[in-house]
Amino acid sequence: MIATNYDYDVVVIGSGPAGQNAAVEAASLGGRVLIIERERHVGGACVQYGTIPSKTLRETALTLTAFRRRSGGIYEISHDSQLSISSLMTRLEEVVRAHQNATQQCLDMANVERAQGKALFISPNEIAIRDIAGNTTIASAHHVVVATGSRPRNPPNADVDHENIFDSDSVLSMIYLPSSMVVLGGGVIACEYASTFASLGVKVTIVDKWPSPLGFLDSDLVDVLLKQFRANGGEFRGDTVVSSIDWDGVSAARVFLEGGEVLTADKALIAQGRIANLDKLDIENAGLEATDRGLLAVNEFCQTAVPNIYAVGDTIGPPALASASMEQGRRAMRHAFSGELHSSSSLIPAGIFTIPEMATVGLTEQQVIEQHGAAMVGKVDFGRLARAHIMASSAGVLKLVAEATGHKLLGIQIAGNGATELVHLGQMAFLNDMSVDTFATTIFNFPTMAEGYRLAALDIIHRRDAGAASTGSNRDVALQPEGSLS
Amino acid sequence: MVLISCQAKVFKVEGFEECVRQSFEKSLTTAAFSQEIARLRRLNVEDAFLCGLLHDVGRPVLLQALSDYRNDSEVDAADDDILTTAEEFRIPLACRLITSWELPERLAVIIQHQQTPAETPEFDQQAAILNLAIDLANLALDADTEMPEQLTHPMIGVLNLYPDDVAQVLSQHAEMLDWVRSTI
Ligand SMILES: Cc1cc2nc3c(=O)[nH]c(=O)nc-3n(C[C@H](O)[C@H](O)[C@H](O)COP(=O)(O)OP(=O)(O)OC[C@H]3O[C@@H](n4cnc5c(N)ncnc54)[C@H](O)[C@@H]3O)c2cc1C
């Protein structure tokens with residue numbers, strides 16, 4: 001506990017994954033903690049608009065596609081043109097409630113107090129809380145954690161009406177599955193929704209200014225996604241600049257491309273990145289300033305330029321993942337309470353819940369080449385894994401990236417069913433500093449997808465033994481700026 | 001579609017033309033407020049609009065049926081009796097009409113709970129929107145009352161609308177009324 005004259009040791013603004021973990025950590029370290037949330041329920045955008053709802057819809061899409069695949073074409077699933085989205089997410093309310101209740105219980109058990117209202121800074125140690133009736137109360141704290149998350153960045157040339165032209169916070173308010181949809185953006189959220197809707201039979205066109213989507217991944221992984229997306233009737237239009245988007249007033253969303261072409265669809269989804277919720281916080285009263293990208297700058301312990309104020313989660317930018325946000329919340333409070341100077345592992349896996357899904361941990365092949373001059377890569381196609389065949393899911397690749405001599409493991413990338421779980425096995429190997437050879441000599445259950453690790457490791461060992469050249473900096477991998485969630 | 005077919009028929013209810021016109025005007029205004037609140041809360045805008053539009057559809061239909069019956073039979077019913085009966089049964093009839101028009105069942109559930117949103121088994125947010133929008137429409141259409149900049153209403157808490165959200169919705173009333181008048 002920190003001895004203070006303040007009302008609280010810590011005030012946390014925002015109850016998403018970042019805020020709630022900061023609050024619980026601070027309380028478990030003995031602090032008196034207040035969490036301020038403007039919504040009626042805790043959990044953040046992650047629960048209301050983000051991770052949980054999108055994954056619930058995706059799960060149905062997955063079930064339908066798996067059924068189609070596994071039945072070997074014996075059964076064909078069709079749906080009428082008025083299939084309601086809510087009928088595809090019947091469990092959503094249950095899933096959301098369960099998550100909100102679990103979060104609330106966690107906060108209650110840690111004795112974290114809660115205030116409902118919009119918070120804004122009066123000074124570095126004082127926060128005003130405005131409730132829905134317009135009343136203001138003030139709470140003072142030794143430490144303040146800004147965990148206000150983010151919202152969609154909607155370009156000025158798009159008339160997002162949440163009726164025909166949606167953003168990622170409103171797209172699931174659509175009642176019926178449209179027959180066609182244009183998705184603007186090639187980042188994680190755009191690709192997740194695009195591939196989910198395509199799997200559900202919607203004719204989806206992704207339009208993006210970059211030559212290929214998900215530019216922070218190696219292109220061979222992205223190819224796996226695009227192949228499946230195209231097989232589901234999807235189209236990716238890269239290198240394409242949009243001049244404006246509107247609704248024709250009758251039946252179609254129109255996307256006007258530079259060059260004069262006009263794409264039309266039942267609905268449009270704009271997923272071109274997110275901006276931090278800082279604008280209504282009066283951060284200048286606390287001596288804070290947003291960066292050019294509208295984020296808060298922090299050090300490795302998530303401490304801002306004003307030492308008693310921490311910022312975590314989407315307010316500090318990439319990787320903008322719920323998983324990373326949780327860790328940032330914990331790390332910030334360990335630093336605040338114990339001055340802990342050792343950050344725990346900074347190894348953050350990224351799961352991309354496209355269909356098929358993708359995951360990565362450590363460096364990509366391109367990053368290894370950039371940072372180490374060359375890379376040795378071992379790959380296994382899911383088509384070589386018995387388990388993948390049994391699951392009728394043989395489209396995929398598992399890729400181990402090692403330094404040029406092929407011993408030290410530097411990155412793992414996976415595309416295909418189960419990738420987001422499978423990557424954790426590699427992550428544990430990283431954390432324990434295991435070499436490529438460990439995977440070749442370890443016995444895994446058979447038939448399992450983990451066998452992929454062994455085969456990919458053997459691929460590296462084979463190259464190593466054959467004196468094969470590692471991939472060098474002249475390798476042609478399309479590069480884009482490192483991706484934030486968009 | 002519903003809008004157009006209602007319009008042609010209901011204006012002919014002899015003796016109740018003004019009442020029907022008012023009902024229609026209020027429904028359009030409610031629809032306009034409903035869709036703006038839904039947009040703000042990231043709930044489905046089309047559904048909200050339809051619920052606003054159809055929440056009172058039972059009234060003109062009842063007025064028509066009751067006045068036809070009075071004319072065809074020799075029942076001696078006062079206009080006030082017809083108006084009272086229409087008021088009493090307009091909501092259940094609206095729900096029946098929605099079902100018979102094969103519109104989605106959820107619209108009937110929401111409309112059924114327009115006065116009792118807290119009692120709805122599901123779609124509580126949508127019913128709260130409709131309840132608030134009806135009152136906002138009444139306020140906006142009341143020539144003797146200035147539209148306020150803020151409001152206290154039990155549904156504001158249910159919908160988690162902050163003063164700036166409420167102000168945003170209220171500020172659009174003049175535009176909405178222009179649209180309503182041009183539609184009628
Ligand atoms: C469609 C979509 C899918 C995603 N999928 C994944 C995924 O699969 N895996 C993953 O790891 N991540 C995913 N993410 C990202 C993840 O949701 C975010 O990174 C995460 O929610 C960030 O957590 P946070 O706590 O920083 O912010 P949030 O979850 O956004 O929470 C911030 C909270 O602060 C509150 N708030 C804001 N301003 C104020 C204020 N002034 N006063 C009081 N309260 C305030 C908000 O109401 C909100 O509850 C996805 C995001 C989206 C949009």
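So you know, we letter chains A, B, ... as the sequences are listed, proteins then strands, and number each from 1.
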Heavy-atom proximity to chain B below 4.5 Å, by part of [X]:
X	result
Phe166(A)	neither
Arg38(A)	both
Asp131(A)	backbone

If we ignore angles and hydrogens, is there a donor and acceptor under 3.5 Å between the side chains of [X] and [Y]?
X	Y	answer
Glu18(B)	Gln22(B)	yes
Thr136(A)	Arg130(A)	yes
Asp56(B)	Ser27(B)	no

Of the backbone (N, CA, C, O) and the side chain (C-beta and beyond), which part of Asn160(B) lies under 4.5 Å from a heavy atom of chain A, both, or neither?
-> both
Identify which part of Gln35(B) has an atom lying under 4.5 Å from any heavy atom of chain A, answering side chain, backbone, both or neither.
-> side chain
Greatest number of heavy atom pairs closer than 4.5 Å to chain B - which of Gln116(A), Gln48(A), Lys118(A) | Lys118(A)
Could you check if a side-chain atom of Leu66(B) sits within less than 4.5 angstrom of a side-chain atom of Phe89(B), using non-hydrogen atoms only?
-> no
May I ask you to decide whether Arg70(B) forms a salt bridge with Asp79(B), counting only side-chain N to carboxylate O separations under 4.0 Å?
-> yes
Highest number of heavy-atom pairs under 4.5 Å with chain A: which of Leu161(B), Asp165(B), Ile156(B)?
-> Leu161(B)
Is it true that atom CD of Glu149(B) has more than 12 heavy atoms of other residues, nucleotides or ligands lying nearer than 6.0 Å?
-> no
